[in-house]
Number of protein chains: 2
Amino acid sequence: MKISKKTDYALRALFTLVQQYSQGRPISIGQLARRNDVPKRFLERIMLEMKVKGWVTSVMGKQGGYVLAKSPEEITVGQVIRHFDGVLSPIGCVSVHQYERCNQEVACRFRRLFLEVRNHTTGLMDAATLARVNDGKPVQPEEVYSMDLIGGAGI
Amino acid sequence: MKISKKTDYALRALFTLVQQYSQGRPISIGQLARRNDVPKRFLERIMLEMKVKGWVTSVMGKQGGYVLAKSPEEITVGQVIRHFDGVLSPIGCVSVHQYERCNQEVACRFRRLFLEVRNHTTGLMDAATLARVNDGKPVQPEEVYSMDLIGGAGI
DNA sequence: CTATGTACGATTCGACAAGTCGTATATTAA
DNA sequence: TTAATATACGACTTGTCGAATCGTACATAG
């Protein structure tokens, strides 16, 4: 159920670019890697993918680096996850873009549950533009533990 | 973001056992495998794990098989996923049981988003007892496509 | 012309999902 | 008591994928 490191790293880099967006000056991979604690050569691959996607552009040569290619309102976290991790759905039989047929569907009971999870998750992820997320407050440590431990469920 | 086949298969088997629960007669792995379209030898492994967990019990010998060891109200889908897939959280830094520190936390913006997803997902999963899920209606094909295609987002 | 960048294919490395095999052990019906 | 039908369980296979590294080519500002 976890997102990949690649997605994680991509998002870190993107948010750094968002914060740099107003200045218009490119920021090098070396900087991006150091600031976000990401292996440089690995980030290189990731930035390349994002360039192909049209989310960032690069400036070559000395003083070069990367710049956001779209405004932060036009890129959503959902798009990023779908590109790097493939699917948002918890199970293939409730996926729209990567639907996998399952011959148990007619009688399947737990499918509805996963469908609800999928709907809520995609709703949040697709509404989460870089701009909107960047304007939010960071999470406080207590918040991570707040809800679940009461029910005893956790994770 | 997807659950594993193991979890999928485990749930299929569990719901079959739920439906058999009133009769009290064990059902063999062969039957379970055939009814749910799961490789028999693989299901064997899975049932064994669930036995250790205390969710099912086995009766050896001829006429033997598996029976639900608890009432369907006492087992949740959340428990099953956590056991086979490890975590429900989309990212380590918002997990209670498998928290992973990340030195970006103070400034991290997208953490809140994943926290919200986690809270909603665990809420649904932990409220989903086998009994409750089994009483629900199967999903209609249209429902899978209902929400997302309107927004153009999908998956 | 060199220091500092990105571009990009090839490759490694380990972990894990998914599944198979062989054989031991238990129980019951004939 | 034995054949048939079960589970028990460790060992093994196989393929895929995440995560990352390497080498080298190319671009450009100063």
Side-chain angles (χ1 to χ4, degrees), chain A residues 1-13 17 25-34 36-53 55-69 80-81 83-87 90-92 98 100 102, chain B residues 1-13 17 25-34 36-53 55-69 80-81 83-87 90-92 98 100 102:
Chain A
M1 303 284 285
K2 281 171 75 173
I3 61 165
S4 65
K5 291 276 179 205
K6 232 171 170 177
T7 303
D8 186 354
Y9 294 162
L11 288 172
R12 293 186 196 188
L17 292 186
R25 288 231 312 281
I27 177 170
S28 76
I29 281 195
Q31 290 265 322
L32 281 173
R34 225 171 309 118
N36 295 295
D37 196 35
V38 176
K40 192 185 161 197
R41 299 302 298 267
F42 193 35
L43 185 58
E44 204 178 86
R45 313 298 329 276
I46 295 168
M47 297 312 291
L48 222 47
E49 280 189 64
M50 294 208 281
K51 189 186 171 188
V52 172
K53 266 283 167 183
W55 296 331
V56 301
T57 46
S58 64
V59 181
M60 286 198 90
K62 205 170 174 178
Q63 310 292 344
Y66 282 91
V67 191
L68 214 57
V80 178
I81 299 183
H83 174 252
F84 287 106
D85 284 357
V87 206
I91 196 166
Q98 299 203 15
E100 293 169 29
C102 164
Chain B
M1 304 284 284
K2 280 172 76 173
I3 61 165
S4 64
K5 291 277 179 203
K6 233 171 168 176
T7 302
D8 187 353
Y9 294 161
L11 289 173
R12 292 185 196 188
L17 292 186
R25 289 230 312 282
I27 178 170
S28 75
I29 281 195
Q31 291 264 322
L32 280 173
R34 226 171 308 120
N36 295 295
D37 197 33
V38 177
K40 192 186 158 195
R41 300 299 300 262
F42 193 34
L43 185 57
E44 205 177 87
R45 316 290 332 273
I46 295 169
M47 297 311 291
L48 222 48
E49 279 189 65
M50 295 210 279
K51 189 186 171 185
V52 172
K53 267 284 169 181
W55 296 331
V56 300
T57 46
S58 64
V59 180
M60 285 195 90
K62 205 171 175 179
Q63 310 290 347
Y66 282 92
V67 191
L68 216 58
V80 178
I81 298 183
H83 175 254
F84 287 106
D85 284 357
V87 206
I91 196 166
Q98 299 203 17
E100 292 167 31
C102 164

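- The phosphate of D:dA6 (OP1 or OP2) has no side-chain N or O of B:S58 nearer than 4.0 angstrom.
- A:D85 places its CG atom 8 Å from the P atom of D:dA19, with the value rounded to the nearest Å.
- Contacts of A:Y9 with the nucleic acid, taken as non-hydrogen atoms under 4.0 Å apart, involve only primed sugar atoms and P, OP1 or OP2.
- Checking D:dA8, C:dT6, D:dA4 against every side-chain atom of A:Y66, the shortest atom distance belongs to C:dT6.
- Between the P atom of D:dC22 and the CZ atom of A:F42 lies a distance of 14 Å, rounded to the nearest Å.
- Nearest heavy atom pair, residue B:D85 against residue B:S4, reads OD1-OG, 2.6 Å.
- As rounded to whole Å, 14 Å separates atom P of D:dT21 from atom NZ of A:K6.
- Residue B:L43 contributes atom CG, which lies 13 Å from atom C1' of C:dA18 at whole-angstrom precision.
- Among all heavy-atom pairs drawn from B:M47 and B:V56, the shortest one is O-CG2, 3.9 Å.
- The aromatic rings of B:H83 and B:W55 lie perpendicular to each other, with more than 60° between the two planes, well past the 30° mark.
- Listed candidates were C:dT6, D:dA19, C:dC8. Nearest to the side chain of A:E44 is C:dC8.
- As a whole-Å value, the separation of B:Q63 CD from C:dA30 P is 9 Å.
- Here B:K51 does not reach the OP1 or OP2 of D:dT7: none of its side-chain N or O atoms lies under 4.0 Å away.
- In terms of heavy atoms, A:I46 sits closest to A:A10 at CG2-CB, 3.8 Å.
- Straight-line distance from the CD atom of A:E49 to the P atom of D:dA19: 12 Å, rounded to whole Å.
- Checking D:dT5, D:dT21, C:dT6 against the side-chain heavy atoms of A:P39 singles out D:dT21 as nearest.
- Distance, A:M47 CE to C:dG5 P: 15 Å, rounded to whole Å.
- Between the P atom of C:dA10 and the CG atom of A:L48 lies a distance of 14 Å, rounded to the nearest Å.
- A:N36 contributes no side-chain N or O that, together with a main-chain N or O of A:Y9, makes up a donor-acceptor pair within less than 3.5 Å.
- Take the nearest nucleotide of DNA chain D for B:R45 and for B:I29: the residue whose nucleotide is more 5' is B:I29.
- As judged by a 4.0 angstrom heavy-atom cut-off over every strand, A:G30 is placed among residues making no nucleic acid contact.
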